[in-house]
Every structure is written in structure tokens, then in C-alpha cells.
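A note on names: the letters A, B, ... follow the listed sequences, proteins ahead of strands, and every chain is numbered from 1.
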Number of protein chains: 2
Amino acid sequence: MEHGADEAASLELENFLPYRLNRLAEAVSRDFQTIYRTRHGLTRPEWRLLASLGQHGTMTATEVGRDSAMHKTKVSRAVSALEERRWLKRETDPEDRRVERLALTPVGAKAYAELVPLARRFEADLLRTLAPAERKALSVGLAAIERRFVGG
Amino acid sequence: MEHGADEAASLELENFLPYRLNRLAEAVSRDFQTIYRTRHGLTRPEWRLLASLGQHGTMTATEVGRDSAMHKTKVSRAVSALEERRWLKRETDPEDRRVERLALTPVGAKAYAELVPLARRFEADLLRTLAPAERKALSVGLAAIERRFVGG
DNA sequence: AGTCGACGGTTACGGATGCAACGAAATCGG
DNA sequence: CCGATTTCGTTGCATCCGTAACCGTCGACT
């Protein structure tokens, strides 16, 4: 057995689930990135923060982290960045002065409103290239591992 | 409409495909990481390089990059790291002296052979928690977007 | 009230990452 | 056969990231 192509002892990377998920996520994100990066110079954490606040209204940093699956340091830095842009304002919660209540400013909300249709179109364009049965399969399959890994 | 929960104007992040893929890929990878990180202190690029060479035998850095979806600087640094460990050796191709032919040493091959069953078991354990129909759906769904994004 | 542990959020720091620029070698074009 | 262009791989640099340590605040328990 000269090289590693031995069936039993080798692993087919291209069929290995962690690898497939990563490669796919990276490819899709890299593509989607152009929407929020070229238009506004947003980073991914900043986009996610914007998306969280746009969707849910006022939130705390911890809530944003849970909602958008980001480490608290990422959230913290994204908050500083969007605050710098005047896209969001923070207010210390008078009930609990450890907490900050985060909300988009009108300018931030405007940017969000501008990005949402582009995001929707991106996803729609992507899904349109799949057959209906494939879309369904994707939805079912992703939901299944999400139950195992993300949700509960 | 006070906050962003407005159906038409907001985006449900948790159902947004790029977000779902990223969150899932990160969660799965974070879990899988422990296998190659705690046992050998490998980074992800190093693991991928090992996996590529273990599967295909001798390759060039460019081929590894294509096979494992890594930027050439990642490959370059991973090669240096595994060479440092004596897990791989490089040889300048005499036919084209720009190219290096990379191959695992016996020590590297041994580490690979040791990791493969663990990787297989990880994937099997993950898939075992899914119903057969869900596994099928996942396979079909991922393959479908891969065709659009990764492959052709 | 005073102490202690838990919690929200920030920051210093070491390490990883991608871009761009680079050197060396091959290939192409005249 | 020589200069221009392309390719392989490396490296400098600026940025991003997570870990751990930290500060201020809250709540519980004494």
C-alpha cells in the first residue's frame, strides 16, 4: 500500500460532514459578504448585530450574543463599531446598571431596511437554483442537525 | 411599528441560510476540533493538510489548497508546522523547481491512521442521532447547494 | 450592613487570517 | 534567445479572534 488511497484506512475529506459544512458556509458567506461589505464596509459581526437589533428591537449585548451565536467579545466590538457610526445607541438599564440596552438609531434602522431586501434576494437567488425537492431536503436536513447541535 | 419585528421589513436571522450554515459549521467544527486538538495540538489547517495528504498521498501545496479549500497562505503555514513536527517531508520537484512535492512521513502517516477512526466515529455518532429520512435529506440538501457553490 | 459568588461587559494579549507584495522559476512571444 | 507574463510558494502587515483576566454591579446569605 503505497499512498493513502487505501479505502479502509483513509477518510474521504470531501464527504466528511464537518468539512462539507465548513466549506459550504465559507463559500456562501464569502459571497453574501459582498452585500454588506461593499455597500457599507460592515464586518460579519457588525452585520449580525445589525440584523439582530433590526429584527428584535432593543436588546442587551448578552441577548445579541445568544441570538446571533457570537462570542461576547465579538458583540462588544461590534457594538463599539456601530456606535461609532451612530447606527446604534446604548443606554444603561436603570434597573440593573451592569446591563446596556442596545437599539438602532434611525440611521441604523435605515441601513438595516436597505440591506434586508438585498439579503432576501440573495437567499432567494440561491434557493431558486435548487429543485423544490432539494430545497425541501435542505430545510429538513439542516433542521435535523440544528436540533442536535444548535438548539437542543 | 415600534421595533423591528415588522414582518415585511425584517429578516429572520435564524432562518437565513448563510447564518444557519455558519452557525452549524462552527458548532460542529468546534466539537470535532477537540479530537485533533487535544490529542495532538493540531490546528484546523494542519488537520486538513494531514487529511489531504493521508487520503491522496504525495501532493503539491496548490493541490492541497484546492482539495481542502484553503488559502495558499494557510497551506504554506500548515506545511511548515507539520514539517517542523517531522510529520511530512517536502521535496523540490526536479521537473519544475517552483513546485514542492509533499508527503507524510511514517510518523505523520501513523498519526493520520490514528485520527481517521476517531473522525469516522465522530461523524457516525452525529449521524446516528438523525432519523434515516433526515440523513437522506441532509445528504441531498447539502449536495444540492454544493453543486451551486463549491463544485459547479 | 458586609461579604461572597455570579453576572454583564470590556480589554490586553497571543495567535490565526487574508491581502498584497515579493522572489524564484517556468513559459510565452517576438 | 531575451524580455514580459504567469505560476508556485513565502512573508510582512494589518486585522480579527478567543482566552483569560479584569471592573463594576447585583443578589444571596449571614
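Side chain of A:Glu91 to main chain of A:Glu100: no donor-acceptor pair is present (N/O by atom type, distance under 3.5 Å, no hydrogens or angles).
Rounded to whole Å, the distance from CG on A:Leu49 to P on D:dC17 is 13 Å. Put simply, CH2 on A:Trp47 is 18 Å from P on D:dC16, counting in whole angstrom units. Between the CG atom of B:Leu42 and the P atom of C:dG15 there is a distance of 17 Å, rounded to whole Å. What separates CD of B:Glu63 from P of D:dC8 is a distance of 10 Å, to the nearest Å. Between A:Arg77 atom CZ and D:dT15 atom C1' the separation is 11 Å, expressed in whole Å. Summarising the geometry, the separation between CD on A:Glu91 and C1' on C:dG8 is reported as 17 Å, rounded to the nearest angstrom. Between B:Glu100 atom CD and D:dT7 atom P there is a gap of 19 Å when expressed in whole angstrom units. Protein atom CZ of A:Arg101 is 16 Å distant from nucleotide atom P of C:dG8, rounded to whole Å.
Considering only residues two or more places apart in sequence or on other chains, A:Phe16 meets the ring-ring contact (aromatic ring centres under 6.0 Å, His included) condition with B:Phe32.
Using a 4.0 Å cut-off between a side-chain N of Lys or Arg and a carboxylate O of Asp or Glu, A:Glu114 and A:Arg39 qualify as a salt bridge. Salt bridge annotation for B:Glu146-A:Arg23: present, with a cationic side-chain nitrogen under 4.0 angstrom from a carboxylate oxygen.
Relative to the axis of its first five pairs, the axis of the last five pairs of the helix from C:dA1-D:dT30 to C:dG30-D:dC1 sits at 20°, rounded to 10 degrees.
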Worksheet entry | Nucleic acid footprint by protein, nucleotides 20-29 of chain D - heavy-atom cut-off 4.0 Å, B for base, S for sugar-phosphate alone | B---BBS---
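For the pair A:Leu102 and A:Arg30, nearest-nucleotide mapping onto DNA chain C gives the more 5' position to A:Leu102. In terms of position on DNA chain D, the residue among A:Lys74 and B:Ser76 whose nearest nucleotide sits closer to the 5' end is B:Ser76.
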Worksheet item: Are B:Glu134 and A:Arg147 close enough, and set up right, to give a salt bridge (Lys or Arg N to Asp or Glu O under 4.0 Å), and what steps lead you there?
Response: CA-CA 11 Å; B:Glu134 291 173 334; A:Arg147 264 197 302 286; 2.5 Å; yes
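Atom CZ of A:Arg101 has 12 or fewer heavy atoms from other residues, nucleotides or ligands within 6.0 Å.
With a 6.0 Å cutoff to the six-membered ring centre and a 45° limit on the axis angle, A:Arg85 counts as a cation-pi contact of A:Trp87.
Donor-acceptor pairing under 3.5 Å, judged by distance alone, is absent between the side chain of B:Arg37 and the base of D:dG18.
Nucleic acid contact class of B:Ser80 (heavy atoms, under 4.0 Å, all strands): none. Within 4.0 Å of A:Arg90, counting heavy atoms only, lie sugar-phosphate atoms of the nucleic acid but no base atom. Residue contacts for B:Arg44: at a heavy-atom cut-off of 4.0 Å it reaches no nucleic acid atom on any strand shown.
Relative orientation of the B:Phe149 and A:Phe122 rings is tilted, given thresholds of 30° and 60° on the angle between their planes.
The CG atom of A:Leu11 sits 10.5 Å away from the OG atom of B:Ser52 when rounded to the nearest 0.5 Å. Note that CZ of A:Arg20 and CG of A:Asn15 are 6.0 Å apart. Values are rounded to the nearest 0.5 Å.
For A:Thr62 and C:dC7, the shortest distance from a side-chain N or O to OP1 or OP2 is not below 4.0 Å.
Listed nucleotides D:dT11, D:dC16, D:dC17 differ in distance to A:Pro45; the shortest reach to its side chain belongs to D:dC17.
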